Undergrad: 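Have a look at this one before I ask anything.
Treat the numbers as computed from the prediction; the structure is a model and nothing was measured.
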Amino acid sequence: MLEFITPTTKNMRIFSAIITLILSTSVFGQTTIIPNQDSRVITTGVPFLLIASDARAAGLGDMGVATSVDAHAQQWNPSKYAFSEAKSGVAISYTPYLSKLVNDIFLGNVTYFNRISERSAFAASFKYFSLGEIELRADEFSEALIEQPNELTLDASYALRLSDQFSMAVALRYIRSDLKIQAVDANAKSANSFGVDIAGYYQSEEVAYSDFNGRWRAGFALQNLGPKLKYDDAGRENFLPTNLRLGGGFDFIFDSYNKVSVTAEVTKLLVPTPPVYGTEYNYTDNNGNGVYDPENGTTAADTDTRGSIVNSNVIIDGQDPDVSFIKGIFQSFGDAPGGFSEELDEFTWALSAEYLYQDSFALRAGYFNENELKGARKFFSIGAGFKYSTIDIDLSYLFSAAKVQSPLENTLRFSLAFNFGDGEYVEY
């Protein structure tokens with residue numbers, strides 16, 4: 001076993017990226033913070049599940065729960081497959097991550113769907129998040145040891161149309177997070193869990209208005225309902241990124257060639273909010289009168305003379321986050337130390353518009369917003385789509401609008417879909 005292991009200079013950037021991503025899987029730190037601190041970012045395990053893997057959704061501001069049907073619906077709302085005009089399809093997507101620093105961290109996704117009948121469909125997908133290669137050496141003369149941390153999911157869904165305008169779906173997801181560096185810890189192992197999605201989608205009939213026709217869309221999805229991740233027996237348990245998505249939209253159908261779709265979506269993590277922690281001291285009675293006297297040389301700044309620490313992690317505002325994932329879901333709606341206003345701050349929202357010409361060319365734009373005290377993700381996105389015969393090609397690009405730069409800043413995302421039996425079902 002190596003006595004010490006250090007990454008080579010070439011891989012320092014990768015190693016830093018890995019550390020950043022691993023730290024992002026911590027749920028709640030156990031350090032003392034300043035009472036009444038306003039910034040309480042909610043973090044979870046396997047956060048890659050929240051990254052938009054397909055270029056169409058990315059071009060629309062990371063949304064997909066209420067947009068029109070496409071082959072990539074598995075990540076956002078599998079109940080949309082019950083409205084697919086294609087009999088079946090295969091979708092492939094590729095997303096570079098931290099592309100300004102490294103070239104081997106990426107998110108890949110493969111999806112297959114099949115509309116079994118007029119009222120039902122099923123789908124399966126595989127998602128793989130590679131954290132690149134880490135080259136470790138004991139010294140410059142030692143042979144390099146290569147580690148390849150990664151995370152993945154494998155899921156399957158079934159959608160059923162309950163009426164002409166409404167469908168629901170359920171999905172089961174296997175989750176594996178392999179972040180172990182066995183050269184550092186021979187006993188390290190991967191963490192495994194499973195998640196369940198419950199989703200619904202509504203699509204109205206085409207309605208004639210004075211100057212155009214229109215169609216309403218709405219959707220919801222409860223995602224990643226499942227047990228916590230745990231990397232070792234003595235380690236901290238990490239919540240899955242359980243979340244609630246709600247969205248709605250409208251299609252402006254001007255004629256058989258031109259259509260504009262606008263959509264709005266809100267999302268909330270169903271994970272407990274970190275509380276405000278404080279430190280409890282056992283103060284010394286300097287005067288012998290049973291009263292702590294700050295005049296006797298023990299002040300708030302003189303931490304060494306405040307007495308012995310009884311508990312350095314006392315919750316002084318908020319609720320204990322160490323609960324089961326089921327209780328955490330319900331607790332997440334009312335545990336923010338800042339009250340109702342902070343609960344509202346935990347919702348992210350996105351707006352998008354998509355122009356479609358003759359069902360063969362699309363232009364897209366979107367905006368995503370997250371409160372500055374809850375992560376500060378804010379960005380604009382643009383995208384384009386091209387359809388040739390049975391092939392759909394989508395591209396997207398992101399522009400950060402926040403002080404905190406996005407890992408996907410200036411990243412070109414690419415998706416490809418093959419639709420078989422296109423037009424077998426008539427929905428639009």
Undergrad: Not counting sequence neighbours, which residues clear side-chain contact (heavy atoms from CB on, under 4.5 Å) with Q75? List them please.
TA: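 Listed in chain order: S53, D54, K127.
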Undergrad: What's the spacing between E265 CD and T67 OG1 if we round to 0.5 Å?
TA: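 Going from CD on E265 over to OG1 on T67, the span is 8.0 Å.
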Undergrad: Which residue pairs pass the salt bridge (Lys or Arg N to Asp or Glu O under 4.0 Å) test with at least one member in residues 66-80, sequence neighbours excluded?
TA: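 Applying salt bridge (Lys or Arg N to Asp or Glu O under 4.0 Å) to every pair that reaches into residues 66-80, excluding sequence neighbours, yields R56-D70.
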Undergrad: Using the rule given for ring pair (Phe, Tyr, Trp, His ring centres under 6.0 Å), can you reason through Y97 versus F129, listing the C-alpha separation, both sets of side-chain angles and the distance that settles it, and then say yes or no?
TA: CA-CA 9 Å; Y97 200 76; F129 186 43; 5.5 Å; yes
Undergrad: Does anything in residues 378-393 pair up under salt bridge (Lys or Arg N to Asp or Glu O under 4.0 Å), and if so which pairs, sequence neighbours excluded?
TA: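 Non-adjacent pairs meeting salt bridge (Lys or Arg N to Asp or Glu O under 4.0 Å): K387-D422.
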Undergrad: Just by distance, no angles: are the side chains of N410 and Y397 close enough, under 3.5 Å, to form a donor-acceptor pair?
TA: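 On atom types as modelled, these side chains qualify, holding a pair under 3.5 Å.
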Undergrad: Are Y367 and W349 near enough that their ring centres are under 6.0 Å apart?
TA: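 Centroid distance Y367-W349: below 6.0 Å, so yes.
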Undergrad: How would you list, by chain and number, every residue that makes a side-chain contact (heavy atoms from CB on, under 4.5 Å) with I329, sequence neighbours excluded?
TA: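 Per chain and number, I329 pairs via side-chain contact (heavy atoms from CB on, under 4.5 Å) with L225, T242, L270, F325.
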Undergrad: Strictly distance-based, threshold 3.5 Å: is any side-chain N or O of S352 a donor or acceptor partner for the main-chain N or O of A365?
TA: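 Flag not set: sc S352 to bb A365 has no pair under 3.5 Å.
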Undergrad: Does one side chain, of N419 or T390, offer a donor that lies under 3.5 Å from an acceptor on the other?
TA: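 The criterion, which ignores hydrogens and geometry beyond distance, is not satisfied for T390 and N419.
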Undergrad: With a 6.0 Å cut-off on ring centres, are Y174 and F194 close enough?
TA: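 No, ring centres 6.0 Å or more apart.
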Undergrad: Let me confirm one number: the OH-CZ distance from Y209 to F252, rounded to the nearest 0.5 Å.
TA: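 So the gap between those two atoms works out to 9.0 Å.
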Undergrad: Report yes or no: is the cationic atom of K268 (NZ for Lys, CZ for Arg) under 6.0 Å from the centre of the six-membered ring of F333, at an angle within 45° of the ring normal?
TA: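 Yes - K268 lies over the ring of F333, closer than 6.0 Å to its centre and within 45° of its axis.
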Undergrad: Report the residue from N371, T273, T267 that forms a side-chain contact (heavy atoms from CB on, under 4.5 Å) with E346.
TA: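 Among N371, T273, T267, the one that satisfies the side-chain contact (heavy atoms from CB on, under 4.5 Å) with E346 is T273.
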Undergrad: Hey, can you tell me if F250 and F212 have their rings parallel, tilted or perpendicular (30° and 60° cut-offs)?
TA: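 Rings of F250 and F212: perpendicular, over 60°.
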Undergrad: For the aromatic rings, using the six-membered ring if either is Trp, is the centroid distance between F379 and F399 under 6.0 Å?
TA: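 No; F399 has its ring centre 6.0 Å or more from that of F379.
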Undergrad: State which residues pass side-chain contact (heavy atoms from CB on, under 4.5 Å) with A384; sequence neighbours excluded, sorted by chain then number.
TA: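 Result, side-chain contact (heavy atoms from CB on, under 4.5 Å) vs A384: L363, F386.
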Undergrad: Keeping the roles fixed (side chain from N192, backbone from R176), state whether a donor-acceptor pair exists under 3.5 Å.
TA: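 Answer holds: no.
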Undergrad: Looking at F83, is R161 sitting on its ring face, NZ or CZ under 6.0 Å from the six-membered ring centre and within 45 degrees of the normal?
TA: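 Yes, R161 sits over the ring of F83.
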Undergrad: Apply side-chain contact (heavy atoms from CB on, under 4.5 Å) to A91 and list each qualifying residue two or more places apart in sequence or on a separate chain.
TA: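 Counting only residues at least two positions away or on another chain, A91 forms a side-chain contact (heavy atoms from CB on, under 4.5 Å) with A71, H72, T111, A417.
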